[in-house]
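A note on names: the letters A, B, ... follow the listed sequences, proteins ahead of strands, and every chain is numbered from 1. Since the structure is predicted, the reported quantities are computational estimates derived from the model, not experimental observations.
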2 protein chains.
Amino acid sequence: MNDKPLKMKKSDRTRAAIAAAAQRIFASQGYERATIREIAAAAGIDPTMVMRYFGSKDRLFAEVAEFDLDLPDLAALDRDRIGETLVAHFLSVWESESGGGFPILLRSAASNDYAAARMQQLFAAQVLPAMLVLGPPDSAPQRAGLVATQMLGLALARYVLRLPPVVMLDRDTIVREIGATLQRYATGA
Amino acid sequence: MNDKPLKMKKSDRTRAAIAAAAQRIFASQGYERATIREIAAAAGIDPTMVMRYFGSKDRLFAEVAEFDLDLPDLAALDRDRIGETLVAHFLSVWESESGGGFPILLRSAASNDYAAARMQQLFAAQVLPAMLVLGPPDSAPQRAGLVATQMLGLALARYVLRLPPVVMLDRDTIVREIGATLQRYATGA
DNA sequence: TCCATTTGCCAACATGTGTTGACTTTTCTC
DNA sequence: GAGAAAAGTCAACACATGTTGGCAAATGGA
């Protein structure tokens, strides 16, 4: 009998399977429409297992929606390319495997209080500080707010609502056009 | 007996009361979390009445989420002020009584198929044509797409998520800053 | 092997949902 | 005022949800 939980292989695998299924379903249905039963079915196990492993639907969502914007240090960058760098970074994060938390959060943020609060503190903790190093502190909230509108809109239209003209935009166009906007918002030029 | 000449029929009044309550609740909770019972309670009537007057929750939502962007003819405007005019117009519509349909739609679009489809056809039928008169037809979808990201993002951040730094932006700043962005997106300059 | 622990499934509960039908009250026309 | 139609109420159904407890099966160390 070990006090230390070393590696219970089987349980870790099912736990991961549940998490993966939950990510997929939360991301495509949103918090309210996603059901424990559907997640369990997608993971190939019994709905009760979800409760045993994660405690509740709320806690499962919280765990699966966890992620980080992981912004680079903007002060160290070529000042003329801050906008483009920002957009490119966001695109990479949203499309990466580990960054799946953002679509999940965004899909539910409009109707779920926890997701909305999480989104809010995400910008407060990561975007606002990034703006502080780029210009006068007084204008940082305004610059962060403007940046937020453009980035949230891009993510919403492209990955959640999937508006055809936005989905069709190629990466270069997005980086150039929206990059120019972010450049202006972020530096206040 | 007609005691109050200017009052509408009783049935029209309750129908209007239900619609008003539904607008309020759909706008703040989203389609899934809003319940017929809650709407009925807010309207001060029995839940059954909602069914009698509107048939189903779906049809009530569809009716209440109906609205129009009602864009002005951009070709007739001062070409340098197209961006500002657009933003100012959107702000007016969203904050007007009759334009309440937009927040309703937006709040539900991320998790409700009907609302998402409605949003999609809204841009296809109103924003895209507006872009056609402002520049080359080939680039119209791209310009409309970019405009959509910025406008949806502003609406989402300010009216749905209520991100503090975006809520705090005063109207003039929004018109100036975001107007400049829309100007560039819409005219392709 | 044995047996305790882990892992899993089943049935069921409590609750909230949209929705329906039967019934009562109000309203309006003649 | 009588009677029909409209407006409103009540109880309940059928179903889906998150969640719980009991019990079987696998697992792994002694």
Side-chain angles (χ1 to χ4, degrees), chain A residues 1-23 25-26 28-65 104 108 111-115, chain B residues 1-23 25-26 28-65 104 108 111-115:
Chain A
M1 319 191 185
N2 278 339
D3 308 343
K4 282 198 227 170
L6 273 182
K7 51 182 172 203
M8 313 169 185
K9 267 192 2 185
K10 189 85 191 299
S11 70
D12 282 349
R13 256 188 301 138
T14 39
R15 194 189 160 89
I18 296 173
Q23 294 226 13
I25 295 189
F26 277 135
S28 70
Q29 315 264 36
Y31 179 84
E32 339 277 348
R33 283 187 50 193
T35 72
I36 298 272
R37 283 171 169 81
E38 189 182 0
I39 292 170
I45 46 96
D46 192 273
T48 12
M49 290 289 92
V50 179
M51 306 303 296
R52 175 118 65 196
Y53 279 85
F54 291 89
S56 73
K57 185 184 179 182
D58 291 298
R59 266 177 287 179
L60 172 62
F61 181 81
E63 191 150 331
V64 153
I104 296 179
S108 299
S111 60
N112 181 269
D113 290 340
Y114 170 80
Chain B
M1 291 183 190
N2 281 339
D3 37 2
K4 325 213 158 131
L6 280 183
K7 265 214 172 116
M8 19 181 190
K9 276 173 48 178
K10 184 96 189 291
S11 68
D12 286 346
R13 257 187 300 143
T14 28
R15 194 188 159 88
I18 296 173
Q23 292 225 16
I25 295 191
F26 277 136
S28 70
Q29 313 265 37
Y31 179 84
E32 339 278 348
R33 284 187 48 192
T35 73
I36 299 271
R37 283 170 169 83
E38 188 182 2
I39 291 170
I45 47 97
D46 192 274
T48 335
M49 290 289 92
V50 179
M51 307 303 296
R52 175 118 67 199
Y53 278 85
F54 291 88
S56 71
K57 186 184 179 183
D58 292 298
R59 267 177 287 180
L60 172 62
F61 182 80
E63 190 150 332
V64 153
I104 295 179
S108 299
S111 60
N112 181 266
D113 291 341
Y114 170 81

In short, A:K57 meets A:E32 closest at the heavy-atom pair NZ-O, 3.7 Å

Rounded to whole Å, how long is the line connecting atom CZ of B:R52 with atom P of C:dA22?
12 Å

What is the separation between atom CD1 on B:I18 and atom P on C:dG18, rounded to the nearest whole Å?
14 Å

At their closest point, which heavy atom of A:V64 faces which heavy atom of A:Q23, and how far apart are they?
CG1-CG, 3.4 Å

List, with names and distances, any nitrogen or oxygen atoms from the protein found under 3.5 Å away from nitrogen or oxygen atoms belonging to nucleotides 19-21 of chain C.
from: C:dT19; atom 1: OP2; to: B:K57; atom 2: N; distance (Å): 2.8

Touch class at under 4.0 angstrom, heavy-atom based, for A:A40 against every strand present:
nothing

Interatomic distance, A:M49 CE vs D:dT20 P [rounded to whole Å]:
13 Å

Whole angstroms only, please: what is the CD-P distance between A:E32 and D:dG18?
11 Å

How many Å lie between CZ on B:R15 and C1' on D:dA6, as a whole number?
15 Å

Quick check: on DNA chain C, is the nucleotide nearest A:G44 upstream (toward 5') of the one nearest B:T35, or the reverse? Name the residue that is more 5'.
A:G44

If I take atom CD in residue B:E38 and atom C1' in nucleotide C:dG18, what distance separates them, rounded to the nearest angstrom?
15 Å

Looking only at non-hydrogen atoms, find the nearest pair between A:A43 and A:A17 and report the distance.
CB-O, 3.8 Å

Of all the heavy-atom pairs spanning A:A42 and A:A21, show the shortest one and how long it is.
CB-CB, 3.9 Å

Euclidean distance, atom CG of residue A:L60 to atom C1' of D:dT17 [Å, nearest integer]
15 Å

Nearest whole Å is fine: how far is D:dA6 C1' from B:Y53 OH?
8 Å

Partners of B:F54 by ring pair (Phe, Tyr, Trp, His ring centres under 6.0 Å), sequence neighbours excluded?
none

Evaluate the side-chain proximity of A:T35 to A:I25: yes if any heavy-atom separation is below 4.5 Å, no if none is.
no

